[in-house]
Undergrad: 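I have a structure here, written as structure tokens, and I will follow up with some questions on it.
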Amino acid sequence: MTEELLRQLEELIGTDEFEYRSEEIMEQLEDEGAGIEITESLLSIMERHPLDDYGMPGAMTHFIERFYPDFLPSLIASVKRRPTAHTVWMLQRCINAVSDKEELIAVLRDVADDSSVEQIIRDEANSFLKR
């Protein structure tokens, strides 16, 4: 059932129903006992849709961030693999929350300097670095 719910979630991306239905699906996943083990699947969904809006912060992010700081290695790996507008923003939220920021700032700097990354995402990373 988890895989089916994740498939449904991904199919909703970019639709007018996403915000409302994503909350519902995340609640269903939670009711099924899903935990940190699905954070990588959620981040992979974001990677496949790098410019889409997932909310501020949105149901997916709320779910993932429940596992702070344990989800940080998955987030870092995701940003290194395929930065997205949303995962870069999530990384910035983590930078604001941790005392040892060096590794996270370095990842953000790599995104800002990577010419293969969409300009809008690079610009976002640069704006976070300036803060």
Undergrad: Rounded to the nearest 0.5 Å, how far does CE of M1 lie from CG of D31?
TA: 10.5 Å
Undergrad: Assess the side chains of S44 and S41: does a donor N or O sit below 3.5 Å from an acceptor N or O?
TA: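 No pair is found: no donor N or O on one side chain lies under 3.5 Å from an acceptor on the other.
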Undergrad: Can you establish whether the number of heavy atoms outside K101 located under 6.0 Å from its atom NZ is more than 12?
TA: yes
Undergrad: Restricting to pairs with a member in residues 17-51, which pass ring-ring contact (aromatic ring centres under 6.0 Å, His included), not counting sequence neighbours?
TA: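 Of all non-adjacent pairs touching residues 17-51, those that pass ring-ring contact (aromatic ring centres under 6.0 Å, His included) are F18-Y54.
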Undergrad: State whether the number of non-hydrogen atoms from other residues, nucleotides or ligands found under 6.0 Å of D16 atom CG is greater than 12.
TA: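 No, not enclosed.
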Undergrad: Are side-chain heavy atoms of R122 and Q119 found at a separation under 4.5 Å?
TA: yes
Undergrad: Run L29 and I25 through side chain to side chain contact (heavy atoms under 4.5 Å, CB included) and show every step you take.
TA: CA-CA 6 Å; L29 285 164; I25 290 171; 4.1 Å; yes
Undergrad: Tell me, which pairs form a ring-ring contact (aromatic ring centres under 6.0 Å, His included) where one or both residues lie in residues 102-124, sequence neighbours left out?
TA: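 For residues 102-124, and leaving out neighbouring residues, there are no ring-ring contact (aromatic ring centres under 6.0 Å, His included) pairs at all.
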Undergrad: Sequence neighbours excluded and cut-off under 3.5 Å, please list the side-chain donor-acceptor pairs for residues 56-74, or say none.
TA:
{"unit_1": "T61", "atom_1": "OG1", "unit_2": "P57", "atom_2": "O", "d": "3.0"}
{"unit_1": "T61", "atom_1": "OG1", "unit_2": "H86", "atom_2": "NE2", "d": "2.6"}
{"unit_1": "E65", "atom_1": "OE1", "unit_2": "R93", "atom_2": "NH2", "d": "2.7"}
{"unit_1": "E65", "atom_1": "OE2", "unit_2": "R93", "atom_2": "NE", "d": "2.8"}
{"unit_1": "R66", "atom_1": "NH1", "unit_2": "E30", "atom_2": "OE1", "d": "3.4"}
{"unit_1": "R66", "atom_1": "NH1", "unit_2": "E30", "atom_2": "OE2", "d": "3.4"}
{"unit_1": "S74", "atom_1": "OG", "unit_2": "E40", "atom_2": "OE2", "d": "3.1"}

Undergrad: For L51, look at atom CG and say whether over 12 heavy atoms of other residues, nucleotides or ligands are found less than 6.0 Å away.
TA: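 Atom CG in L51 is crowded, with more than 12 foreign heavy atoms closer than 6.0 Å.
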Undergrad: Side chains of V88 and F128: does their closest heavy-atom pair fall under 4.5 Å?
TA: yes
Undergrad: Nearest 0.5 angstrom please: M90 CE to T84 OG1, how far?
TA: 8.5 Å
Undergrad: Do we see a donor-acceptor contact under 3.5 Å between the side chains of T2 and E32?
TA: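 Yes - a donor-acceptor pair under 3.5 Å links their side chains.
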Undergrad: Could you walk me through whether E118 and R82 pass salt bridge (Lys or Arg N to Asp or Glu O under 4.0 Å), step by step?
TA: CA-CA 10 Å; E118 291 90 342; R82 178 61 172 107; 2.6 Å; yes
Undergrad: Just do the side chain to side chain contact (heavy atoms under 4.5 Å, CB included) check on L12 and S22 with the steps written out, would you?
TA: CA-CA 8 Å; L12 287 167; S22 66; 5.8 Å; no
Undergrad: Roughly how far, to the nearest 0.5 Å, is the CD1 atom of I95 from the CZ atom of R131?
TA: 10.5 Å
Undergrad: Using distance alone, with no hydrogens and no angle criterion, decide if Q8 and E4 have a side-chain donor and acceptor under 3.5 Å apart.
TA: yes
Undergrad: Within the side chain of E37, is there an N or O that forms a donor-acceptor pair under 3.5 Å with the backbone of G35?
TA: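 Such a contact is found between E37 side chain and G35 backbone.
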Undergrad: Distance from D110 atom CG to I76 atom CD1, nearest 0.5 Å?
TA: 11.5 Å
Undergrad: Looking at side-chain heavy atoms only, is the closest gap between L43 and V79 below 4.5 Å?
TA: no
Undergrad: For the residue pair P50 and I121, what are the closest heavy atoms and their distance?
TA: O-CD1, 4.0 Å
Undergrad: Apply side chain to side chain contact (heavy atoms under 4.5 Å, CB included) to M46 and D52, showing your working.
TA: CA-CA 8 Å; M46 291 179 189; D52 282 279; over 6 Å; no
Undergrad: Considering only heavy atoms from C-beta outward, does the side chain of L42 approach that of L6 to under 4.5 Å?
TA: yes
Undergrad: Between E102 and D100, is any pair of side-chain heavy atoms under 4.5 Å apart?
TA: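 The answer is yes; the side chains approach within 4.5 Å.
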Undergrad: Heavy atoms only: give me the nearest L91-L108 pair and the separation to one decimal.
TA: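 What the structure gives for the nearest pair is CD2-N, 4.0 Å.
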Undergrad: Does V111 form a side chain to side chain contact (heavy atoms under 4.5 Å, CB included) with D114? I'd like the steps, not just the answer.
TA: CA-CA 5 Å; V111 171; D114 187 344; 5.8 Å; no
Undergrad: Among side-chain atoms of S78 and E47, is any donor-acceptor pair under 3.5 angstrom?
TA: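 Short answer, yes.
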Undergrad: Could you tell me whether E11 and R7 have a side-chain N and a carboxylate O separated by less than 4.0 Å?
TA: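 Salt bridge flag = yes for R7 with E11.
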